[in-house]
Amino acid sequence: MLSDRSRPVIEATLPVVADNIPEIARRFYGHMFAAHPELFDGIFNRGNQAEGTQQVALAGSVAAFASALVKTPEQLPEQLLSRVAHKHVSLGIKPEQYDVVHEHLFWAIVDVLGDAVTPEVAAAWDEVYWLMAYALINQERGLYSARGVRPDTVWRDWEVAERVQETDDVVTFRVKRIGDRLVKTSLPGQYVSVKVPMPDGVHQPRQYSLTRADDGEHRQFSVKRVHGGGKPDGEVSNHLCEQVQVGDTLTLSVPFGDVVLDDSGRPVVFVSAGIGVTPMAGMLSHLVVAGSKLPVTVLHAAADEQSFALRQQVLDDVRALDGATMHVWYENGGESTLPVDGVHSGVMDLDVASLPEGAAYYLCGPLPFMKAVRSSLIDRGVSPHDIQYEVFGPDLWAADLLAEPAPGAA
Ligand SMILES: Cc1cc2nc3c(=O)[nH]c(=O)nc-3n(C[C@H](O)[C@H](O)[C@H](O)COP(=O)(O)OP(=O)(O)OC[C@H]3O[C@@H](n4cnc5c(N)ncnc54)[C@H](O)[C@@H]3O)c2cc1C
Ligand code: HEM
């Protein structure tokens with residue numbers, strides 16, 4: 001809770017800080033990486049820095065948190081904090097690093113806002129920072145402890161046991177534990193961070209959703225090569241798809257991620273596009289292993305059947321579940337050799353699918369796709385509470401959704 005002394009100061013300065021926070025975030029990262037270049041080695045994602053997406057996500061999260069502290073203190077943005085905490089622990093972030101971020105963030109605030117940062121203003125924002133930091137540190141401590149790891153023991157080496165060229169651009173890796181150590185379990189829908197050495201010697205981490213349920217010995221994930229299209233090609237995805245072979249060693253974090261299957265017994269609807277199929281494949285695989293009787297609907301959109309990664313695995317799992325159905329939409333025409341339940345031409349249209357009452361929805365794919373699906377579900381009366389989504393990058397949507405009026409509000 002924000003103190004009575006700080007609340008009016010935050011209320012008064014929130015608009016100016018919110019307006020300037022993208023610039024504050026940009027200068028903060030520049031200043032921090034100049035002082036701590038080692039943070040790029042195995043911790044920060046330099047692709048997201050180059051694109052500016054991490055700066056926007058950080059700025060959005062701080063503004064959303066500060067705004068919640070003054071407007072709805074009884075309801076802090078749990079979902080946003082939980083996503084950040086899971087991402088942090090998948091990278092082994094330590095509590096003492098919050099002091100480093102604090103130092104450089106406050107340098108940037110003063111650098112951008114200048115004399116407007118009176119001692120009173122600085123103290124009030126300091127309070128916001130530490131409220132947010134401790135909310136994260138405490139959640140992260142709980143996540144590490146639940147997994148039985150510490151920040152410096154989240155990483156494990158695995159041997160690549162199999163690689164499958166799924167499509168022109170997607171490779172599935174099946175990795176096997178080294179030795180007979182106990183493999184930490186994963187929840188359906190979780191991801192691992194994969195850390196690889198790049199040619200310049202710097203290690204770069206990226207997240208990949210697990211695409212199969214645990215068997216106590218393996219993990220499986222699928223990687224889509226990112227083509228630059230005028231910008232640089234994605235460094236980790238291309239490295240994995242082109243360089244990493246059977247027998248090689250890969251370093252993976254233990255699994256984390258807050259978008260996980262609801263086990264309350266409700267029907268489940270998976271809605272994905274492109275490589276967004278990966279968390280859905282993982283959740284389906286868990287349902288099969290658990291012998292689930294839940295009604296399951298799988299809706300997937302792709303350019304065509306050849307570019308639909310994991311299609312055989314997904315269909316086999318759908319067929320292994322009583323009453324599960326699968327519909328596909330192919331932009332390049334509705335042709336399918338797979339015996340799915342519905343093949344449609346063009347972009348996904350939920351009007352042609354029959355959606356079960358009271359279902360839990362899981363979305364994954366490009367942001368515009370997920371925004372369109374979410375709007376269409378809400379138009380059909382689905383509660384926002386029943387829709388979870390996974391973003392394959394810093395979440396630039398969460399802060400916008402928090403600012404959205406509640407359904408039914410004027
Ligand atoms: C929770 C989660 C789950 C995920 N699951 C999967 C999954 O199952 N499968 C999967 O394939 N992916 C998944 N991803 C995405 C994955 O983590 C990577 O983001 C993806 O593989 C791209 O990484 P990269 O290193 O190849 O690209 P990067 O090198 O990080 O590049 C990303 C973008 O930045 C641009 N860029 C890079 N450098 C510059 C520069 N200097 N100037 C301008 N632009 C630049 C690139 O052109 C590219 O468009 C997931 C992400 C998250 C967060
Ligand atoms: C109160 C302080 C902090 C806030 C508000 C914050 C906020 C965020 C947010 C919003 C994200 C993006 C999450 C997503 O959607 O993927 C993120 C990711 C990340 N954070 Fe933090 N963070 C804080 C502290 C720290 C600290 C102390 C470190 C360690 C130096 C750190 C390192 C990272 C890294 C490495 C990522 C992933 C970056 C990427 O993938 O581009 N953060 N953080």
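- Checked by atom type and distance alone, the side chain of Arg163 pairs as donor or acceptor with a backbone atom of Val244 at under 3.5 Å.
- Distance alone, capped at 3.5 Å, places no donor-acceptor pair between the Asp316 side chain and the Arg319 backbone.
- Ring centers of Tyr191 and Tyr208: at least 6.0 Å apart, outside the cut-off.
- For Arg266, the salt bridge (charged side-chain N to carboxylate O under 4.0 Å, His left out) test picks out Asp262, Asp386, with sequence neighbours left out.
- Leu363 has its side chain within reach of Leu377: a pair of non-hydrogen atoms, C-beta onward, lies under 4.5 Å apart.
- Side-chain N or O atoms of Asp214 include none that pairs as donor or acceptor with a backbone N or O of Thr185 at under 3.5 Å.
- Put simply, the side chain of Gln388 never gets that close to the backbone of Tyr362: no donor and acceptor are under 3.5 Å apart.
- Residues Thr172 and Gln220 form a side-chain contact, since some pair of their non-hydrogen atoms from C-beta on lies under 4.5 Å apart.
- Residues that satisfy the salt bridge (charged side-chain N to carboxylate O under 4.0 Å, His left out) test with Lys371, not counting sequence neighbours, are absent from this structure.
- Between Phe44 and Phe40, the angle of the ring planes goes over 60°, which puts this pair in the perpendicular group of the 30/60° scheme.
- Note: Tyr144 and Phe256 have perpendicular aromatic rings, judged against thresholds of 30 and 60 degrees for the angle between ring planes.
- Distance alone, capped at 3.5 Å, places no donor-acceptor pair between the Ser6 side chain and the Ser3 backbone.
- The SG atom of Cys241 sits 7.5 Å away from atom CG of Asp169, with the distance rounded to the nearest 0.5 Å.
- Ring centers of Phe308 and His300: under 6.0 Å apart, within the cut-off.
- Ring centroid separation for the pair Phe106 and His102 comes in under the 6.0 Å cut-off.
- The side-chain heavy atoms of Asp248 and Gln245, taken from C-beta on, include a pair separated by under 4.5 Å.
- Under 4.0 Å is where a charged nitrogen must lie from a carboxylate oxygen, and between Arg225 and Glu242 at least one such pair does.
- Partners of Ser209 under the side chain to side chain donor-acceptor pair (under 3.5 Å) rule, at least two apart in sequence or in another chain, do not exist in this structure.
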